[in-house]
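Heads up: the structure comes next, in structure tokens.
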There are 2 protein chains.
Amino acid sequence: MAARKSLADSSCPVARAIDIVGDRWALLIVRDAFDGVRRFGQFQESLDIARNILTDRLRRLVEAGVLEAVAASDGSAYQEYILTPKGEALFPVIVTLRQWGEGNLFGRGEKRSQLIDRASGRPVPKVTLRGADGGALAPADTFVKKVAARV
Amino acid sequence: MAARKSLADSSCPVARAIDIVGDRWALLIVRDAFDGVRRFGQFQESLDIARNILTDRLRRLVEAGVLEAVAASDGSAYQEYILTPKGEALFPVIVTLRQWGEGNLFGRGEKRSQLIDRASGRPVPKVTLRGADGGALAPADTFVKKVAARV
DNA sequence: CCGTATCCATTCCGATACTG
DNA sequence: CAGTATCGGAATGGATACGG
């Protein structure tokens, strides 16, 4: 009766995205992958996630084309999970989510991990959205076109 | 025994963010709010979500400070749910998620709703992350500093 | 029209034991 | 170390009935 509705066929790209990464673990796995984590055990330790859940989430992300399972580089019989181009394309999502958290979910004295620009050694600056005129883009400057033909 | 672990105290801003918006509905509610939806019934119709779940999610987002419940503008006895500044700050997250979905989850001929720039009437251009030198920022240009003092 | 309350099925998730 | 199998409790989500 209460079968969960899939969002995979929605005409809204946000909904489709959430269908894949809109759970408690997917984006944290992707975050770790950006941070160089590749092995099952590394994910497990970093996330403190149950192993069966991790197995399931890795499998789903591989099926979704976000991760790819490749033979381990150390010659062991196991696998490593690396980001595909599709997975790497999630980088802006992780960064904006991170910046929202930094700016809105921490008290002034609280310690938090930060994303650092290698070149400058400084925290990655705020993401700004640019409109067609090159100016910053705010919610009020946009609207959703309900259904658009292919691009 | 199997109580879900809260991510609210994590030192990672991504984890804290996911603790609030990392479920199936929260970001879709926020997306609708950006699109002008304010009323319970509008959310319910747009999302095709069960009413008890919607009640729960709206309450949680209000508690989290993402939405604010205000008296209905039409004088009825009910409420409207509007984005707080904290909620509006999620705009880049929605946009990047949308763009990831558009670029990676649709076939070439498939119709999808699009975010349009009011000024130009054209789709909002790709978000680019800028490093300290003003150049585009890629995953390889960054690393996570494990624990940073307050900013 | 706006919610709340209840019931039930499904899903999520953690703990643990087990295998190679 | 890298998973798989199983279990039970908690959370999620849908249908629906009910009250303001």
Side-chain angles (χ1 to χ4, degrees), chain A residues 1-10 15 18-29 32-33 36-64 67-82, chain B residues 1-10 15 18-30 32-33 37-64 67-82:
Chain A
M1 272 284 199
R4 150 173 291 175
K5 287 166 193 159
S6 171
L7 302 172
D9 296 328
S10 170
I18 286 175
D19 196 62
I20 294 176
V21 298
D23 72 278
R24 196 167 192 72
W25 296 116
L27 283 177
L28 292 176
I29 290 172
D32 274 8
V37 171
R38 293 181 163 208
R39 299 287 289 244
F40 186 93
Q42 290 178 311
F43 284 112
Q44 205 274 322
E45 182 182 15
S46 166
L47 298 172
D48 194 23
I49 182 180
R51 289 223 288 273
N52 53 347
I53 300 300
L54 179 57
T55 298
D56 180 72
R57 290 305 183 279
L58 288 173
R59 182 182 52 74
R60 279 201 236 180
L61 288 171
V62 168
E63 282 175 5
L67 295 177
E68 185 184 359
V70 302
S73 55
D74 63 357
S76 65
Y78 309 116
Q79 304 200 301
E80 292 184 354
Y81 302 88
I82 62 176
Chain B
M1 271 291 194
R4 151 173 289 177
K5 289 166 193 159
S6 170
L7 301 173
D9 296 327
S10 170
I18 286 176
D19 195 63
I20 294 177
V21 297
D23 72 276
R24 196 168 191 73
W25 297 115
L27 284 178
L28 292 177
I29 290 172
V30 172
D32 274 7
V37 172
R38 296 181 163 208
R39 297 289 288 244
F40 186 92
Q42 290 177 312
F43 285 112
Q44 205 273 324
E45 183 181 14
S46 166
L47 298 171
D48 196 22
I49 182 180
R51 290 224 287 272
N52 53 346
I53 301 297
L54 178 57
T55 298
D56 180 71
R57 289 304 182 281
L58 288 173
R59 183 181 53 74
R60 279 201 236 181
L61 289 171
V62 168
E63 281 175 5
L67 295 179
E68 185 184 358
V70 302
S73 56
D74 63 356
S76 65
Y78 309 114
Q79 304 200 302
E80 292 184 356
Y81 301 90
I82 62 176

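Only this structure's heavy atoms are used, side chains among them; waters, hydrogens and symmetry mates stay out. Here is the naming used below: chain letters follow the sequence lines, and residue numbers restart at 1 for every chain.
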Arg24(B) has an atom CZ; how far is it from atom P of dT11(C), in whole Å? 10 Å
Can you list, in residue-number order, the parts of residues 45-55 of chain A that come under 4.0 Å of DNA chain D, counting heavy atoms only? Arg51(A), Asn52(A), Thr55(A)
If I take atom CG in residue Asp19(A) and atom P in nucleotide dC12(C), what distance separates them, rounded to the nearest angstrom? 11 Å
To the nearest 0.5 Å, what is the distance between CG (Asp56(A)) and CG (Leu61(A))? 9.5 Å
With a non-hydrogen cut-off below 4.0 angstrom, is Gln44(B) in contact with a base, only sugar-phosphate, or nothing? nothing
Which atom of Trp25(A) lies closest to which atom of Ile53(A), heavy atoms considered: CD1-CG2, 3.8 Å
Rounding to an integer number of Å, can you tell me how far Ile18(B) CD1 sits from dC13(C) P? 11 Å
If you compare every side-chain N and O of Arg4(B) against the phosphate oxygens of dG9(D) (OP1, OP2), does one of them come in below 4.0 Å? no
On a heavy-atom basis, the closest approach of Tyr81(B) and Ala69(B) is CE2-CB, 4.0 Å
Residue met sooner reading DNA chain C from 5', once Asp56(A) and Lys5(B) are mapped to nucleotides: Asp56(A)
Atom pair distance, as rounded to whole Å: CZ in Arg59(B) and P in dA5(C): 11 Å
From the options dC1(C), dT12(D), dG3(C), select the nucleotide whose nearest atom is closest to the side chain of Gln79(B). dG3(C)
Between CG of Leu7(B) and CD1 of Ile18(B), what distance do you get to the nearest 0.5 Å? 7.5 Å
Note: Asp74(A)-Arg39(A) ion pair, threshold 4.0 Å (strictly below): yes
Inter-residue atom distance Gln42(B).CD - Leu47(B).CG, 0.5 Å rounding: 11.0 Å
Separation of Arg60(A) atom CZ from dC12(C) atom C1', in whole Å? 9 Å
d(CD, Glu80(B); P, dC1(C)) in whole Å: 14 Å
Residue closer to the 5' end of DNA chain D, Leu58(A) versus Asp23(B) (nearest nucleotide): Leu58(A)
Phe40(B) CZ - dC2(C) C1' separation (whole Å): 7 Å
d(CZ, Arg57(B); C1', dC2(C)) in whole Å: 19 Å
N/O (side chain, Trp25(B)) to phosphate O (OP1/OP2, dG13(D)) under 4.0 Å: yes
OG1/Thr55(B) to CD/Gln44(B) distance, rounded to the nearest 0.5 angstrom? 9.5 Å
What's Tyr81(B) touching, base or sugar-phosphate or nothing? Going by heavy atoms closer than 4.0 Å. sugar-phosphate
So what does Arg38(B) touch, heavy atoms closer than 4.0 Å: a base, only the sugar-phosphate, or nothing? nothing
